[in-house]
Amino acid sequence: MKIVVAITGASGIELGVKFIELLPKSCEVFVVVSDSAKIVQKLEKKRVKLYQNSEIGSSIASGSFGIDAVAIIPCSTNTLAKIACGVADNLTTRVASVAIKEGKTLLLAPREIPFSPIALENMLKLSRLGVIIAPPTLGYYSNPSSLDEMERFIIGKWFDRLGIENNLYKRWDDEKSDISRDI
Ligand SMILES: Cc1cc2nc3c(=O)[nH]c(=O)nc-3n(C[C@H](O)[C@H](O)[C@H](O)COP(=O)(O)O)c2cc1C
């Protein structure tokens, strides 16, 4: 699978970095980052191709490149709004608009609390177009005992939706679970 992962200027870039680290070796990974040198440092030794957001002329910006999936983790409400309006003014928003026009998988992980009505409308609009709207939402039914486990739960849910096989979290099993059924 050829996958683009974009990291925008919202809180939670660690989740985007961890998502990239956990991708299986079978994935060809292209990463678009905003101007944060810190992210670049963390990623430059990984088996990924790194792009700056300003590199809008890159091959991944073209529909002919044949990207299978795009994940924007975290996705700022700014980038969400641009994508919802069809704005393609940087490599992240261009790659997202190409995914929509080519009918490819696009997953957005908007991170904000609370969401404004504008952000909610943008998410609904994109969801109706088939875009996967998957904020980093906490889940407790897998009984996480650390931040790492909680992050693996969220990333596992994203992988599931992208069709990437994984064993990153304990799946719900009503026979084995001691959590009350009415939770
Ligand atoms: C410290 C800091 C934290 C931020 N966290 C968020 C956030 O969690 N979610 C969000 O939507 N925007 C957040 N922003 C605002 C975005 O960074 C801002 O809207 C920026 O223009 C996004 O640009 P981009 O979409 O090109 O990455 C934050 C800004 C700062 C300075």
Side-chain angles (χ1 to χ4, degrees), residues 3-23 29-44 46 48-63 65 67 69-102 104-139 144 147-148 150-158 161-162:
I3 183 166
V4 174
V5 184
I7 298 177
T8 67
S11 180
I13 60 168
E14 295 80 0
L15 266 174
V17 171
K18 197 167 201 162
F19 176 94
I20 292 161
E21 289 171 345
L22 290 169
L23 280 169
V29 189
F30 306 85
V31 179
V32 185
V33 293
S34 60
D35 303 330
S36 170
K38 205 171 121 197
I39 310 176
V40 173
Q41 270 175 12
K42 279 189 181 172
L43 289 169
E44 64 191 358
K46 311 270 174 214
V48 300
K49 290 181 186 136
L50 264 179
Y51 300 89
Q52 292 295 323
N53 227 356
S54 54
E55 294 180 79
I56 199 157
S58 320
S59 49
I60 58 170
S62 168
F65 191 70
I67 286 293
V70 177
I72 305 184
I73 303 170
C75 181
S76 70
T77 48
N78 175 64
T79 292
L80 168 76
K82 286 188 196 173
I83 296 168
C85 291
V87 173
D89 62 342
N90 59 38
L91 190 52
T92 299
T93 50
R94 169 64 187 164
V95 164
S97 72
V98 168
I100 293 172
K101 87 178 169 74
E102 298 291 336
K104 298 293 168 66
T105 303
L106 174 60
L107 181 149
L108 305 184
R111 209 242 53 111
E112 188 59 286
I113 182 166
F115 285 122
S116 73
I118 296 171
L120 290 168
E121 277 184 7
N122 288 333
M123 286 189 256
L124 180 60
K125 179 178 177 183
L126 289 170
S127 174
R128 286 186 168 142
L129 297 176
V131 175
I132 303 161
I133 304 295
T137 305
L138 305 181
L147 177 62
D148 178 61
M150 185 64 90
E151 289 177 341
R152 282 171 179 265
F153 165 78
I154 294 167
I155 293 169
K157 299 291 280 185
W158 288 330
R161 208 56 183 76
L162 293 166

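Counting starts at 1 for both ligands and their atoms, following the listed order. Quantities reported herein were computed from a predicted structural model and do not represent experimental measurements.
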How about Leu91 and Ser58: do any of their side-chain heavy atoms sit closer than 4.5 Å?
yes

Nearest to atom 9 (N) of ligand 1, what protein heavy atom do you find, and at what distance?
Arg111 O, 2.6 Å

Counting from 1, what ligand 1 atoms have a heavy atom of Thr8 closer than 4.0 Å?
27 (O)

Donor-acceptor under 3.5 Å (Thr92 side chain, Asn90 main chain)
no

From atom 22 (C) of ligand 1, work out which of Ile7, Ile72, Asn78 has a heavy atom at the shortest distance.
Asn78

Considering only non-hydrogen protein atoms, determine which one is nearest to atom 15 (C) of ligand 1 and report residue, atom name and distance to 0.1 Å.
Gly9 O, 3.9 Å

Taking Thr8 for its side chain and Ser76 for its backbone only, find out whether a donor-acceptor pair lies under 3.5 Å.
yes

Determine if the distance from atom 2 (C) of ligand 1 to the closest protein heavy atom is below 4.0 Å.
no

Around Lys49, counting heavy atoms of other residues, nucleotides and ligands shown, do more than 12 lie under 6.0 Å from its NZ?
no

Please state which protein non-hydrogen atom is closest to atom 6 (C) of ligand 1 and give its distance, to 0.1 Å?
Ala10 CA, 3.6 Å

Under 4.0 Å from any heavy atom of Ser11, which atoms of ligand 1 are there?
5 (N), 6 (C), 7 (C), 8 (O)

Min N/O separation Asn53 to ligand 1 under 3.5 Å:
no

Take a 6.0 Å sphere around CG of Leu120 and say whether it holds more than 12 heavy atoms from other residues, nucleotides or ligands.
yes

The reported gap from CD1 in Ile83 to CD1 in Ile72 (rounded to nearest 0.5 angstrom) is 3.5 Å

Which of the numbered atoms in ligand 1 are under 4.0 angstrom from any heavy atom belonging to Glu112?
9 (N), 10 (C), 11 (O)

For the backbone of Asp89 and the side chain of Thr93, can you confirm whether one donor and one acceptor N or O come within less than 3.5 Å of each other?
yes

With a 4.0 Å cut-off, strictly under, does atom 13 (C) of ligand 1 pick up any protein heavy atom?
yes

When you compare the side chain of Val5 with that of Leu23, does any pair of heavy atoms fall below 4.5 Å?
yes

Shortest protein heavy-atom distance from atom 11 (O) of ligand 1, along with the residue and atom involved:
Thr77 N, 2.7 Å

